[in-house]
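Have a look at the structure below before the remarks.
Scope of the values below: all heavy atoms of this structure, side chains included, with no hydrogens, waters or symmetry mates. A, B, ... follow the sequence lines: proteins, then strands. Residue 1 opens every chain. Predicted model only: the values in this text are computed from it and were never measured.
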2 protein chains.
Amino acid sequence: MKIENTKAQMRKGVLEYCILSILKERDSYVAEILENLKTAQLIVVEGTIYPLLNRLKNADLLTYRWEESTGGPPRKYYILTTKGAVFLEELASTWDNLQKAVNTITNKNNSHE
Amino acid sequence: MKIENTKAQMRKGVLEYCILSILKERDSYVAEILENLKTAQLIVVEGTIYPLLNRLKNADLLTYRWEESTGGPPRKYYILTTKGAVFLEELASTWDNLQKAVNTITNKNNSHE
DNA sequence: TTTACTACCTTGTATTGCAAACTACTATCT
DNA sequence: AGATAGTAGTTTGCAATACAAGGTAGTAAA
């Protein structure tokens, strides 16, 4: 049982919340999303983000447009849909509740140290 | 894409942290653990907790003893090991960092609302 | 033309929560 | 004594997703 495994498991379900949050702030292409995540100490790799973005797109939570870039290949900017914004609120609530639950259990126990 | 799926995904990796925390407080048998979790609004089912306890036991993070109960079948009390207590500290740190990362991304975006 | 940088993308694997089913011990009732 | 109820322990197969490792393609510069 490795801490790295647990770390990866803890991230499941959380990353889509983060990505939708980023897109609520501004339309972004993948490198920008990854940069935002990395800045917050959340390093995510391509093998994760592309299938995840596809799942979100297939669920109509986001859409995209192509934009020419200034000197490289064109970029695919992802855009939060109205449905995505609604879902994001549900995710916020879900994450909040999970935080409260976990911190209740773990802090309650720590308070006896 | 259902909120229920995301909810289940968000719990992955978190439950072992909660269970080890509960056992740090006091040795417990399964119904007690489930009750503690339920009190904190974290409802966990048998199919989850038994394999999880087995994994933790196989990783030497916990051990157990049998105790007669006052009127029903005997109970299996789980006990946190020294190795388990050390691992728990790592989990606490991992959870803290994840919280900070997620809340940085999501609150930062909310602050622009 | 080749190389380098940028950008997008897929597949297979490992892991774990959940659904659904099961066995067994003890006490009480018929 | 046998059946029922409550309590307690348990497993298997499935679904979902992060990660590792590999890939293609557009544009600019050498």
Take the protein atom [atom1] of [X] and the nucleotide atom [atom2] of [N], then report the distance between them rounded to whole Å.
X       : N      : atom1 : atom2 : result
A:Asn58 : D:dA16 : CG    : P     : 13 Å
A:Ile49 : C:dC8  : CD1   : P     : 10 Å
B:Ile19 : C:dG17 : CD1   : C1'   : 11 Å
B:Lys7  : D:dA16 : NZ    : C1'   : 17 Å
B:Trp66 : C:dC25 : CH2   : C1'   : 10 Å
A:Glu68 : C:dC8  : CD    : P     : 12 Å
B:Leu53 : C:dT16 : CG    : C1'   : 14 Å
A:Ile43 : D:dA20 : CD1   : C1'   : 15 Å

_Given A:Leu62, which partner from the list A:Lys57, A:Lys83, A:Arg55 fulfils the side-chain contact (heavy atoms from CB on, under 4.5 Å) test?_
A:Lys57
_Judged by each residue's nearest nucleotide on DNA chain C, which is more toward the 5′ side, B:Leu52 or B:Glu46?_
B:Leu52
*asked:* On DNA chain C, does the nearest nucleotide to A:Lys12 precede the nearest nucleotide to A:Gly72 from the 5' side, or the other way round? Give the residue.
replied: A:Gly72
Looking at [N], I'd like to know if its phosphate oxygens (OP1 or OP2) sit under 4.0 Å from a side-chain N or O belonging to [X].
X       : N      : answer
A:Asn5  : D:dC19 : no
A:Lys76 : C:dC9  : yes
B:Arg55 : C:dT16 : yes
B:Asn54 : D:dT11 : yes
A:Tyr29 : C:dA7  : yes
A:Tyr50 : C:dT10 : no
B:Arg11 : C:dT15 : no

Report which part of the nucleic acid [X] touches: base, sugar-phosphate, or nothing (heavy-atom distance under 4.0 Å, all strands).
X       : answer
A:Gly47 : base
B:Leu15 : sugar-phosphate
B:Tyr78 : sugar-phosphate
A:Pro74 : sugar-phosphate

*Can you name the nearest heavy-atom pair linking A:Thr63 to A:Thr81, along with the distance?*
N-CG2, 3.9 Å
*Angle class for the A:Tyr64/A:Tyr78 ring planes (parallel below 30°, perpendicular above 60°, tilted otherwise)?*
perpendicular
*Is it true that the side chains of B:Gln99 and A:Asn103 contain a donor and an acceptor less than 3.5 Å apart?*
yes
_Position toward the 5' end of DNA chain D (nearest nucleotide), A:Glu16 or B:Thr48_ = B:Thr48
*Pick the nucleotide of DNA chain D nearest each of B:Arg75 and B:Pro51; which residue has the one closer to the 5' end?*
B:Arg75
*Of all residues at least two apart in sequence or in a different chain, which pass the side chain to side chain contact (heavy atoms under 4.5 Å, CB included) check with A:Thr6?*
A:Met10, B:Glu16, B:Phe87, B:Leu91
*Should we count CZ of A:Arg26 as having more than 12 external heavy atoms under 6.0 Å?*
no
